[in-house]
Amino acid sequence: MSSLRCTIAKHPIIFLVDTSTTLNQLKQIHNQLLINGIINDPHLFGQFVASIALNNPINLTYSNRLLDHCHNPTLFTFNSMIRAHCKSSTPHRSFEFYKRIITSTHRLSPDNYTFNFLVRTCAQILSLEAGMLVHCSVLKHGFDSDPHVQSGLIFMYAAMGCLDSCHKVFDQIPVPDLVCQTAIVSACAKWGEVVLARKLFDEMPVRDLIAWSAMIAGYAQCGLSRKALDLFNLMQIEGVKVNEVSMVSVLSACTHLGALNQGRWAHAYIEKNRLKMTVTLGTALIDMYAKCGDMNKAMEVFRCMGEKNVYTWTSVINGLAMNGAGEKCLELFSMMKQAGVRPNEVTFISVIRGCSVVGLVEEGREHFDSMRRVYGIEPQLEHYGCLVDLYGRAGRLDEALNAIDDMPMKPHAGAWGALLNACTIYKNTEMGELASRKLVELEAKNHGAYVLLSNIYADSKEWDKVTDVRQVMKAKGVKKLPGCSAIEVDGEVHEFFVEDKSHPRYNEIEFMLGEISRRLRSAGYVANTKPVLFDIEEEEKEDALCKHSEKIAIAFGLISLKQNQPIRIVKNLRVCWDCHDVTMMISKIFDREITVRDRNRFHHFKDGHCSCKGYW
DNA sequence: CTAGGGTTAG
């Protein structure tokens with residue numbers, strides 16, 4: 001037990017109060033104080049109350065009650081109470097103590113500490129109204145020149161997404177210190193002004209570890225993972241020491257890029273430099289391995305971790321679901337509950353997905369129902385979307401539709417999209433038309449709605465309707481989102497977009513694409529290819545084969561990786577039917593293991609088959 | 001006697 005020593009000025013009694021101090025122990029200490037007469041010393045008693053509040057948020061109620069017996073609590077006492085409540089489950093109660101300061105009969109007046117804590121309470125409860133009132137009081141009392149309060153205000157407005165206010169506060173600081181500079185960099189990166197963030201970062205006269213971490217995290221959060229890793233390299237070149245917090249953002253960037261080798265390097269770095277394996281860092285590692293396709297390693301890290309929180313469990317459960325290991329996913333969920341970790345709304349999304357990928361409909365439904373019944377979590381749009389998917393993938397289309405009808409809120413595009421996807425798999429034209437109509441009503445330019453509908457028509461050879469859909473798409477200007485696939489070769493991530501010819505080795509890639517095409521055709525596979533997008537001409541189909549980003553990436557993998565090295569692709573969209581078919585064939589003809597992570601899940605291709613068994 | 005900036009799961 002790490003005890004926090006709270007010494008009372010020159011008094012022999014030392015309080016040992018921390019998060020594990022029980023109520024009974026507190027009462028014993030309280031009695032000790034009574035015996036020693038400290039209770040009559042208002043200043044010391046105020047400190048006692050404060051020390052409980054600060055070190056034992058669980059017993060906040062106790063210090064609240066004690067405070068009522070405090071005859072003349074000091075500003076220190078009140079400040080401590082505000083600070084303690086700020087991070088508790090009842091942050092709004094901070095304001096009660098502010099009120100007691102300003103209405104105090106002992107002529108107390110708030111100081112810079114008071115406002116610093118109050119500002120953080122506002123950030124905590126995300127109340128812009130409260131934040132602006134506190135800001136006014138800060139100005140009124142003249143604490144806007146205090147650097148702690150300044151950074152606090154930037155932090156608060158950043159938490160609420162008021163970037164303009166962040167800038168206003170920052171611009172009025174004559175000489176912002178390192179902390180304020182970092183706060184504004186972080187705020188800009190968090191809310192889309194990442195270029196400005198970088199500019200401010202570059203202009204900083206001194207940059208410490210936290211400043212670097214803030215900028216790296218900013219890139220990672222914007223999805224600019226490549227830039228995050230580049231900056232991390234620069235940071236190392238400049239000789240700035242890395243710690244466990246900065247490593248989390250680095251791992252997060254690796255995760256999004258699917259850069260397994262860089263992630264492995266980061267893991268080795270962590271162990272070699274003995275960075276503290278915090279829960280957060282461990283969770284980031286698990287997520288990295290899981291989303292880069294190495295689920296075994298993810299499980300290994302998971303088993304080695306001592307403390308596991310809801311993030312940790314959810315990461316591993318989600319990883320198993322994404323990799324199609326539904327049963328294992330449910331096993332871990334049950335272990336999580338046994339370990340006494342309470343699942344939250346995110347956990348349930350992964351659990352129901354896990355059921356969905358292996359067709360465990362009844363289990364999935366039970367978990368969905370248990371959300372509200374057992375855990376008091378109201379299912380949100382996402383959960384209903386998962387439920388529709390659960391029924392839909394299993395071919396139980398009527399129940400999927402019922403799930404949509406049962407939604408207490410307006411069904412979102414995700415719900416209809418899940419239904420439409422199911423209609424495509426099970427070739428239900430009628431319901432598919434309904435789903436795509438609803439989808440288009442919600443999102444007029446939803447590319448998927450048109451593509452899937454036309455797939456249904458193409459499957460049932462209704463070419464006229466296929467043409468109609470095509471014309472509507474053209475008329476509405478519906479454009480396909482640009483697909484992007486990434487592949488890591490020798491620790492470097494290469495990105496390919498649709499029809500991307502910009503790679504320095506494109507000549508070889510093009511040659512390989514031709515080779516793929518020839519070998520698929522000679523093996524008689526092309527004839528089996530489902531109608532791509534529309535009833536396009538044979539030549540166009542051939543052309544389409546070379547267009548999609550994952551095919552270019554796979555071709556690059558074939559020319560740049562050794563035969564025994566698996567080809568691992570990360571795609572920003574979902575894999576299309578055609579690419580899925582073609583990749584299965586490539587895995588057989590070229591005798592390669594290919595793993596594709598699309599935005600939904602993993603596909604492990606081997607010997608002409610895919611781990612998803614067409615169930616996606 | 002109390003404070004500030006960077007981190008994880010959908």
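Just so you know, these numbers come straight off a predicted model, no measurement behind them. Lettering of chains follows the sequences in order, A, B, ..., and the numbering in each one begins at 1.
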Sorted by number, residues from residues 287-310 of chain A placing a heavy atom under 4.0 Å from DNA chain B are A:D287, A:K291
Check: Across the strands shown, which category fits A:S80 at heavy-atom distances under 4.0 angstrom: base, sugar-phosphate, nothing?
Finding: nothing
Exercise. In terms of heavy-atom contacts, does CD of A:E203 have more than 12 from other residues, nucleotides or ligands at under 6.0 Å?
Worked result: yes
So the salt bridge (Lys or Arg N to Asp or Glu O under 4.0 Å) pairs with at least one residue in residues 224-250 of chain A (sequence neighbours excluded) are A:R226-A:E495
Check your understanding: Taking only side-chain nitrogens and oxygens of A:Q221, does any of them come within less than 4.0 Å of OP1 or OP2 of B:dT7?
Key -> yes
Does B:dT2 have its OP1 or OP2 closer than 4.0 Å to a side-chain nitrogen or oxygen of A:R120?
no
Quick note, A:N79 side chain, CB onward, closest among B:dG10, B:dG6, B:dT2 is B:dT2
Assign A:N116 to base, sugar-phosphate, or nothing according to its heavy-atom contacts below 4.0 angstrom with the strands shown.
base
Residues at least two apart in sequence or cross-chain that pass ring pair (Phe, Tyr, Trp, His ring centres under 6.0 Å) with A:F602, listed by chain then number, are A:H604
Taken to the nearest whole Å, CD1/A:I216 to C1'/B:dG6 is 9 Å
Sorted by chain and number, sequence neighbours left out, salt bridge (charged side-chain N to carboxylate O under 4.0 Å, His left out) with A:E345 holds for none
*asked:* Looking at A:E96 and A:R93, is there a salt bridge between them, counting it only when a charged N and a carboxylate O are closer than 4.0 Å?
replied: yes
A:V346 has its side chain closest, among B:dG6, B:dA9, B:dG5, to B:dA9
Ranking B:dT7, B:dG6, B:dG4 by distance to the side chain of A:S246, first place goes to B:dG6
- Query: Under 4.0 Å between a Lys/Arg side-chain N and an Asp/Glu carboxylate O for A:D202 and A:R198?
  - Reply: yes
Whole-Å distance, A:F333 CZ to B:dG10 C1', equals 14 Å
Touch check for A:F117, heavy atoms < 4.0 angstrom, all strands: base, sugar-phosphate only, or nothing?
base
The side-chain hydrogen bond (donor to acceptor under 3.5 Å, both in side chains) partners of A:N112 (sequence neighbours excluded) come to A:D146
Ring pair (Phe, Tyr, Trp, His ring centres under 6.0 Å) pairs touching residues 182-218 of chain A, sequence neighbours excluded, are A:F201-A:W212
Sugar-phosphate only, base, or nothing, as touched by A:L178 at under 4.0 Å among non-hydrogen atoms: base
The nucleotide from B:dT7, B:dG10, B:dG4 with an atom nearest the side chain of A:H148 is B:dG4
Within residues 269-286 of chain A, the residues having a heavy atom closer than 4.0 Å to DNA chain B are A:T280, A:T283
Considering only heavy side-chain atoms of A:E345, the closest of B:dT2, B:dT7, B:dG10 is B:dG10
Note: contacts of residues 153-177 of chain A with DNA chain B (heavy atom, under 4.0 Å) are A:F155, A:D177
With sequence neighbours left out, the residues meeting side chain to side chain contact (heavy atoms under 4.5 Å, CB included) with A:C386 are A:I349, A:I352, A:R353
Task: Pair of N/O donor and acceptor under 3.5 Å linking B:dG4 base with A:D146 side chain - done: no
Closest of B:dG10, B:dA9, B:dT8 to the A:V248 side chain is B:dT8
Report which part of the nucleic acid A:S315 touches: base, sugar-phosphate, or nothing (heavy-atom distance under 4.0 Å, all strands). sugar-phosphate
Sorted by chain and residue number, the ring pair (Phe, Tyr, Trp, His ring centres under 6.0 Å) partners of A:F117 (sequence neighbours excluded) come out as none
Applying salt bridge (charged side-chain N to carboxylate O under 4.0 Å, His left out) to A:D144 and not counting sequence neighbours gives none
Across all chains, not counting sequence neighbours, the ring pair (Phe, Tyr, Trp, His ring centres under 6.0 Å) partners of A:F97 are A:H85
With the side chain defined as heavy atoms from C-beta on, A:R353 is closest, among B:dG10, B:dT7, B:dG4, to B:dG10
Out of B:dT7, B:dG10, B:dG4, minimum distance to the side chain of A:N318 belongs to B:dG10
Exercise for the section: Indicate, with a heavy-atom threshold strictly under 4.0 Å, whether A:Q380 touches base, sugar-phosphate, or nothing. Expected result: nothing
